[in-house]
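Right, one structure below, let's go through it.
Below, chain A is the first sequence line, B the second, and so on; all start at residue 1. Everything quoted here is computed from the prediction, not taken from an experiment. These numbers come from the heavy atoms of this one structure, side chains and all, not from hydrogens, waters or symmetry mates.
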Number of protein chains: 2
Amino acid sequence: MPTIKDVATMTGVSIATVSRVLNNQGGYSEETREKIESAAREINYYRNKMAASLKKSSARIIGLIMPNAPTLFYGDIVEGIETVASRNNYSVIITHAGEDGTNLMDCVSLMAERRVEGLIIASISLDEAVENQIQNLAFPVVLVSTKSNSGIPYIKVDDQTAAYDATTYLIKHGHRAVAIAGPNMQDTIAGLPRVAGYRQAMLDHNLPVESEWIHSGTFSFESGIEAMHAFFRLVHRPDAVFAVSDDTALGIMNTAGDLGLRVPDDIAVIGYDNTRVAEMANPALTVVSQPFFQMGAKAVQKLTTAIDSGQVIESEILKHRIFERRSV
Amino acid sequence: MPTIKDVATMTGVSIATVSRVLNNQGGYSEETREKIESAAREINYYRNKMAASLKKSSARIIGLIMPNAPTLFYGDIVEGIETVASRNNYSVIITHAGEDGTNLMDCVSLMAERRVEGLIIASISLDEAVENQIQNLAFPVVLVSTKSNSGIPYIKVDDQTAAYDATTYLIKHGHRAVAIAGPNMQDTIAGLPRVAGYRQAMLDHNLPVESEWIHSGTFSFESGIEAMHAFFRLVHRPDAVFAVSDDTALGIMNTAGDLGLRVPDDIAVIGYDNTRVAEMANPALTVVSQPFFQMGAKAVQKLTTAIDSGQVIESEILKHRIFERRSV
DNA sequence: AGCATCAACGTAAACGTTTACGTTGATGGA
DNA sequence: TCCATCAACGTAAACGTTTACGTTGATGCT
């Protein structure tokens, strides 16, 4: 590959001068700039950012670690990140941490070795080892749609009050037997808090909650199908359900239809996330939304200002919002 | 940041020895290996891949350029790429090319400057300038879900026969008035060929096609809504529609329902892509599928073998497949 | 004429690795 | 005892930039 040296000898100047014009730093005549630029074009020269980064010890790269399952909001969050990253002249390098973040430590190490200047970890819960590792990193880290209990800054919505608001919304619309579908009871970030919010809402409205109304599971479509079947078999059947994801909500809605129930007349359902499927569902799905694009964008903003200023990043709770559609 | 030099002086050996143990190259005693490794751990040393890449002139990075709209298959294609990339010790760096690939050239230049060893461009159609630029690149490039007419290798399904098969499928199921919704008539890659396939299928079965049955548009949900309304107003109303994307198909299905038509009884619909929404639709959407994950995976495989062997990459037509569900 | 100033360059060190090549001391065999 | 061999290192150059510092010649001013 051609180097700066090649274009220097071609034009009969020093490499310093070439470097100067390539970076618009001034200190050269208009004539030589033209000579250099045309020479560079001629031999198809691309500057070597690895070398430049090494010298400047700044690679202008932001790392992104994602969970392995490409959920529907995957694209939005990446897009949010990449948009403001590239606006600030950063590139983003992406890795998957394996099923439930197994090789997260390796991913973090890789990012450190690549000398990223900031790191985003999305939707993965960290164990103690990783939290320790992150504490000792030389660059800022921010969590997105997940949190930490050891001071690593995060950006997320408040799952508990979001769940509270969702079930309250159902209650306000006249439902008294509301169920929750899909929470993972091991998940202290997106599982338990949502159940807690659900419970609290029921309690605050003096509504009893039967244990069968809490149907744990995953965020998947299938999980919704399974939950709905379980609900259907109950003597005291719920008349509304709060699903932990849009996919799960769709599972609920579809099997409700299969079982002869009409949404929202016989059973109302509210989703969680507001992914693109929500508006495409039939009936369109009412949801509490997480602003994924904005989360990604905010994360990069925080990182870049932290990089520039050296200040620590503050966590931020983004506000969720209920999008009213047709499913309740 | 600590360097190899720091751990060398800490342990009283030369940087060469440190480098050797860090790369398991042999030529050192077990004792010094342990000393070096513990020293490295102690000062939180991460090797600098930028420096190593510079020296070895191999960055082990694969570039990925994506369209700006985060479609539903976005995640699958990225996941396919990243999975086999990381398996081969490559990192992937991702960029968006702006609305319909406006700054594609800049993206490609950026990739070249970052010294990626292979480049994937997904779902963006290239103009002549970019094709020229790509021809002169020093590393292999492969297109995914798009194609080129100047010899740049691509991986995609055959849009025309896929469209042919989709409409034939509808015809075989007893439909005679089948329409097509959403094709972009400017799009020579995913627009025109699909219309051609549709037309050919109709022709081969001696079915007339009315001009209003071809409702051009975009790949969006809204496009489906609009198309369905248009179809509904027709005197000779279609009894089946082939939609150019799953989103569009959903738009068709939903507004069909709103207009009092039942799917598939009054109107059948077949989608295109087989994104995650297809199985979650109600009724579940019959589609012709594009194997997005596999496309990404294949792309990286081709790149890595091209990188290792220096051979040129051959284009490949992946076979589509019809997933029968409930919408026809 | 003499001097300062400045535009327009050139020189060379440095960034943190990798690696070809050289060195050393111990070991074994004849 | 002498030599070859080899494990276990060390030396130093190189990768392609950036940049502090130095140089040169022209220009303007007094």
Side-chain angles (χ1 to χ4, degrees), chain A residues 1-37 39-40 43-61 89 91 109-117 138-139, chain B residues 1-37 39-40 43-61 89 109-110 112-117 138-139:
Chain A
M1 287 219 76
T3 76
I4 206 176
K5 206 170 199 168
D6 296 322
V7 357
T9 59
M10 268 185 75
T11 49
V13 300
S14 75
I15 60 172
T17 301
V18 177
S19 175
R20 276 188 280 256
V21 346
L22 290 175
N23 297 303
N24 311 303
Q25 282 176 304
Y28 45 80
S29 68
E30 189 57 29
E31 188 191 349
T32 61
R33 112 162 296 158
E34 280 165 13
K35 275 200 308 185
I36 286 174
E37 280 178 350
I43 61 173
N44 227 307
Y45 168 77
Y46 289 100
R47 57 229 302 219
N48 187 331
K49 282 219 178 200
M50 289 177 345
S53 300
L54 175 60
K55 179 77 239 273
K56 302 202 285 189
S57 50
S58 152
R60 289 251 141 201
I61 294 182
N89 282 105
S91 296
S109 297
L110 182 71
M111 293 300 184
E113 293 178 354
R114 292 236 180 249
R115 291 296 188 271
V116 301
E117 299 186 53
F139 47 84
Chain B
M1 286 217 80
T3 77
I4 206 178
K5 206 170 200 169
D6 296 323
V7 357
T9 58
M10 267 185 74
T11 50
V13 300
S14 75
I15 61 171
T17 301
V18 178
S19 176
R20 276 189 279 257
V21 347
L22 290 175
N23 297 303
N24 311 303
Q25 282 176 304
Y28 45 79
S29 67
E30 189 56 29
E31 186 192 349
T32 61
R33 115 163 294 159
E34 281 165 14
K35 274 201 306 186
I36 287 173
E37 281 179 349
I43 61 172
N44 227 306
Y45 168 76
Y46 290 100
R47 59 235 292 222
N48 187 331
K49 281 218 177 200
M50 288 177 346
S53 300
L54 176 60
K55 180 75 238 272
K56 303 202 286 189
S57 51
S58 152
R60 289 251 143 202
I61 294 183
N89 282 104
S109 296
L110 181 70
E113 292 178 352
R114 291 233 181 253
R115 291 294 187 272
V116 301
E117 299 186 52
F139 47 85

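Summarising the geometry, the separation between CD1 on B/Ile15 and P on D/dA14 is reported as 15 Å, rounded to the nearest angstrom. Rounded to whole angstrom, the span from the NZ atom of B/Lys49 across to the C1' atom of C/dT17 amounts to 13 Å. Counting to the nearest Å, the C1' atom of C/dT18 and the NZ atom of B/Lys5 are 15 Å from each other.
Closest to the B/Lys55 side chain, of the nucleotides D/dG10, C/dT18, D/dG16, is C/dT18. When distances are taken from the side chain of B/Arg115 to each of C/dC9, D/dC9, D/dT17, the shortest belongs to D/dT17. If you check D/dT17, C/dT17, D/dT18 against the side chain of A/Lys56, the one that comes closest is D/dT18. When the nucleotides C/dG16, D/dT17, D/dA8 are ranked by their closest atom to the side chain of B/Ser29, D/dA8 comes out on top.
Residue whose closest nucleotide on DNA chain D sits further toward the 5' end, between A/Asn48 and A/Ala16: A/Asn48.
Paired with A/Thr11 under the rule side-chain contact (heavy atoms from CB on, under 4.5 Å), one option of A/Thr32, A/Ile36, A/Val21 passes, and it is A/Ile36.
With no hydrogens or angles considered, no side-chain donor-acceptor pair links B/Ser53 and B/Arg115 at under 3.5 Å.
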Could you write out each protein N or O paired with an N or O of nucleotides 23-26 of chain C at a distance under 3.5 Å?
none

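B/Asn23 has a side-chain polar atom (N or O) that falls below the 4.0 Å cut-off from OP1 or OP2 of C/dT18.
Using a 4.0 Å heavy-atom criterion, one finds that A/Ser53 contacts no nucleic acid atom at all. A/Ser19 comes within 4.0 angstrom of a base, heavy atoms only. Residue contacts for A/Ala52: at a heavy-atom cut-off of 4.0 Å it reaches the sugar-phosphate backbone alone, with no base atom in range.
For DNA chain D, the stems formed by at least three consecutive Watson-Crick or G-U pairs, with both atom-pair distances below 3.5 Å, span C:1-30 with D:1-30.
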